[in-house]
Amino acid sequence: MTKFSDLTRMPDARGHFGAYGGRFVSETLSFALEELEETYMALRDDPDFQAEFDHDLAHYVGRPSPLYHAERWSRELGGAQIWLKREDLNHTGAHKVNNTIGQALLAKKSGKPRVIAETGAGQHGVATATVAARLGLECAIYMGAEDVERQKLNVYRMQLLGATVIPVESGSRTLKDAMNEALRDWVTNVDNTFYIIGTVAGPHPYPMLVRDFNAVAGREAREQSLKQIGRLPDALIACVGGGSNALGLFYPFVEDEDVAMYGVEAGGDGVETGRHAAPLTGNAPRGVLHGNRTYLMSDEGGQVSDTHSISAGLDYPGVGPEHALWKDVGRVNYVAANDKEVLEAFRELTHVEGIMPALESAHALAYAKVLAPTMRPDQHIVINLSGRGDKDILTVAKLDGIEI
Amino acid sequence: MNRIDQRFATLKAQGRTALIPYLTAGDPAPQYTVGFMHALVEAGADIIELGVPFSDPMADGPVIQKACERALKHGTRLAHLFAMVREFREQDTDTPVVLMGYLNPIERMGYEAFADQAQAAGVDGVLTVDMPPEEADEFGPVLKARGLQSIFLVAPTTSDARAGTISAHGEGYLYYVSLKGVTGAATLNVDEIDAHLAPLRKLSDLPLCVGFGIRDGATAAAVGKVAEGVIVGSVLVGQIAACVDDPAAIAPRLKDILGEMRQALDA
Ligand SMILES: Cc1ncc(COP(=O)(O)O)c(C=O)c1O
């Protein structure tokens with residue numbers, strides 16, 4: 001049996017999180033991944049590197065982000081106190097920038113003049129285009145053609161920042177296909193290109209380093225809880241696409257056994273309908289995609305399934321390998337919220353607190369509506385409000401029948 | 001002796017270079033594949049790499065991506081591939097067949113079940129593009145126990161240390177990827193390939209076969225001068241794409257192209 005304290009020592013030297021993770025890539029990329037691992041391991045505990053990272057987070061991103069007590073919404077839900085970790089207030093509007101700041105520093109050390117990324121909702125693409133602009137790097141962003149359509153505002157933002165956005169027409173035309181295409185680009189241009197992966201997936205060492213860069217949110221939230229609540233919270237909630245904002249919040253709490261954790265996947269039309277993007281909640285079989293072994297939605301023949309979610313950022317058939325392990329050992333409860341519940345939560349927070357969440361983050365809020373009423377008013381829930389909802393206004397307007 | 005080793009021993013004795021065509025199984029539809037395999041052998045194929053279609057072929061360019069889509073539209077899966085190889089073996093018991101693809105379909109079937117059925121069907125080797133030797137400690141022995149050979153890739157970016165590891169795990173032949181890129185990419189530099197193969201020869205006794213970028217008789221012959229085998233895929237698959245509406249025209253075209261390469265290699 002894995003002890004929770006063991007979870008802080010993952011992955012092992014070969015990038016495995018128990019049975020998950022690893023480095024399943026074609027040979028051409030092995031060298032680049034070994035090089036990245038070496039660079040990162042050398043810098044990970046280097047005080048100068050940490051200082052540079054912290055400096056950028058403070059002065060460019062605007063950290064620490066507040067821990068906000070949503071008093072009115074808590075009263076309305078009639079149970080636990082709700083606290084929002086305001087990652088939506090970061091520069092560029094989501095948690096994604098924590099990771100791109102970190103990887104941009106690695107890119108700079110590598111001396112490569114070009115960066116690429118995959119993006120779903122466009123938040124990671126925007127965050128990558130932003131750091132590329134700041135460092136004067138050439139930048140190409142791969143985005144599924146369907147996502148280009150539903151996240152138009154972010155596409156234009158990336159272009160304004162100087163990035164080239166490449167719509168991907170293959171497969172299901174969403175995030176997984178964008179990642180395939182980014183990997184093809186990387187194989188071709190590996191000598192001059194640094195691949196900034198946007199979530200805790202991909203081949204080792206990405207799941208580890210993306211987690212480490214995002215964990216700043218959890219460290220802050222832990223400290224802020226002690227100061228503002230006077231103790232640790234009773235529960236944490238975060239949405240899970242690849243799982244970077246969730247791991248970022250959860251990781252610094254992993255040994256705090258009394259803190260319950262809930263990862264909320266995209267239920268789409270409902271997990272029972274099969275039209276969803278919830279590999280953990282839906283108990284998908286074990287599989288290998290994009291460099292790691294994890295829970296992966298696929299058919300009997302091992303072909304990767306099409307997924308369905310109102311939120312482009314969660315519309316992915318796999319999940320970061322560390323989440324797969326955390327599910328198996330029971331450290332996190334994985335649940336799903338369907339599109340309808342998510343839209344309700346989106347509107348509710350906007351009306352009651354004047355905070356418009358990203359549709360991704362609204363998955364976490366939807367589950368808070370289920371959990372909070374089962375708890376007492378002297379109990380506390382911290383939710384990762386991973387991004388702001390401006391990018392989703394067109395999607396919501398369309399559902400309301402409004403043309404903008 | 002495994003058919004692959006046997007084939008390379010024969011070729012060596014004859015002083016000839018192996019010609020290894022690749023096709024995606026089930027493209028343009030499953031009923032054509034076995035006929036194409038026989039046609040390739042008639043045109044001079046020494047080994048056949050049979051592609052397992054996959055929804056997310058990350059190492060492949062557009063030509064083989066589309067082949068996968070065509071094959072999957074007809075529901076081609078591993079069970080069909082085994083049936084194809086079994087049928088092929090009814091007439092051809094000599095030509096080695098290597099299954100080439102991505103790990104997930106195998107992972108989903110289960111390593112043991114896969115290996116049992118592959119062996120029973122008459123498969124000789126397995127090349128899993130996204131499974132480097134470091135991740136193969138479980139799968140490798142399962143294959144070996146059934147006499148199936150594990151074929152691995154070596155790339156221009158592979159360090160000597162890694163090449164040593166790969167060679168130690170590899171069987172049959174080493175598949176040298178001639179360029180940084182996906183399948184179907186265009187340019188290929190024979191001097192560069194030669195420069196990379198030289199150190200590999202010191203590290204490995206396995207035959208070195210070169211794939212990616214072989215387009216015609218001339219490129220095949222040029223690469224054939226520095227390698228034990230040439231592997232050709234996208235050019236053949238491109239012919240299938242061009243004739244999806246006239247499948248009867250495919251086999252003759254495959255034979256023309258491969259035949260030209262055979263002649264150029266043997267000249
Ligand atoms: C605001 C926001 N939250 C969450 C996600 C999902 O990613 P992850 O699960 O890696 O946090 C995204 C991805 O685009 C996002 O934009």
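Letters A, B, ... mirror the listed sequences (proteins, then strands); counts begin at 1.
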### Message
Are more than 12 heavy atoms, taken from residues, nucleotides or ligands other than A:Glu35, located less than 6.0 Å from that residue's CD atom?
### Response
yes

#### Entry: Heavy-atom pair count under 4.5 Å with chain B, highest-scoring of A:Ser26, A:Gly22, A:Ser170
A:Ser26

### Residue part contacting chain B, namely of A:Val190, when any heavy atom lies under 4.5 Å
side chain

### Task
Please indicate whether B:Tyr111 has more than 12 foreign heavy atoms, meaning atoms of other residues, nucleotides or ligands, lying under 6.0 Å from its OH.
yes

### Proximity breakdown for B:Leu78 and chain A, heavy-atom pairs closer than 4.5 Å
neither

### Task
Mind ranking A:Glu34, A:Met179, A:Arg286 by heavy-atom pairs under 4.5 Å with chain B and telling me who comes out on top?
A:Glu34

### Message
Counting only non-hydrogen atoms closer than 4.5 Å, can you tell me which residues of residues 155-164 of chain B sit against chain A?
### Response
B:Ala155, B:Thr157, B:Thr158, B:Arg162

#### Entry: Polar side-chain atom of B:Asn104 near backbone of A:Val288 as donor-acceptor pair, under 3.5 Å
yes

### Query
Where does A:Asp185 contact chain B at under 4.5 Å (heavy atoms): side chain, backbone, both or neither?
neither

### Query
Do you know which of A:Pro203, A:Gly301, A:Ser172, A:Ala182 has the most heavy-atom pairs under 4.5 Å to chain B?
A:Gly301

### Message
Distance check, rounded to the nearest 0.5 Å: B:Phe54 atom CZ versus A:Asn180 atom CG?
### Response
8.0 Å

### Query
chain B: which of A:Asn189, A:Leu183, A:Leu289 shares the most heavy-atom pairs with it under 4.5 Å?
A:Leu289

### Query
When you look at NZ of A:Lys327, are more than 12 heavy atoms from neighbouring residues, nucleotides or ligands closer to it than 6.0 Å?
yes

### Query
Would you find a donor on one side and an acceptor on the other, under 3.5 Å apart, between the side chain of B:Arg108 and the backbone of A:Gly287?
no

### Message
Is there a side-chain contact between A:Asp191 and B:Lys180 in this structure, where contact means two heavy atoms from C-beta onward sitting under 4.5 Å apart?
### Response
yes

## Note on the structure
Max heavy-atom pairs within cutoff under 4.5 Å with chain A, candidates B:Met109, B:Glu134, B:Met131, goes to B:Glu134

#### Entry: Segment of A:His16 engaging chain B (4.5 angstrom heavy-atom cut-off)
side chain

#### Entry: Region of A:Asp177 in contact with chain B, defined by heavy-atom distances below 4.5 Å
side chain

### Task
Look only at the side chain of B:Glu135 and the backbone of A:Arg23, and say whether a donor-acceptor pair between them is shorter than 3.5 Å.
yes

### Query
Do other residues, nucleotides or ligands put more than 12 heavy atoms under 6.0 Å from the CG atom of B:Asp137?
yes

### Message
Ignoring hydrogens, what is the shortest heavy-atom contact between A:Arg184 and B:Asp60? Give both atom names and the distance.
### Response
NE-O, 2.9 Å

## Note on the structure
Cut-off 4.5 Å, heavy atoms of chain A, and the answer for B:Pro53 is backbone

### Task
Grab the two heavy atoms, one from B:Pro132 and one from A:Phe24, that are nearest each other, plus how far apart they are.
CD-CA, 4.2 Å

### Message
Assess whether a salt bridge exists between A:Glu300 and B:Arg77, defined as any Lys/Arg side-chain N lying under 4.0 Å from an Asp/Glu carboxylate O.
### Response
no

### Pairs of heavy atoms under 4.5 Å with chain A: top-ranked of B:Pro57, B:Pro62, B:Gly61
B:Pro57

### Query
Measuring from B:Tyr176:OH to A:Glu27:CD, what's the distance to the nearest 0.5 Å?
10.5 Å

### Task
Select one option (side chain, backbone, both, neither) describing which atoms of B:Leu72 are under 4.5 Å from chain A's heavy atoms.
side chain

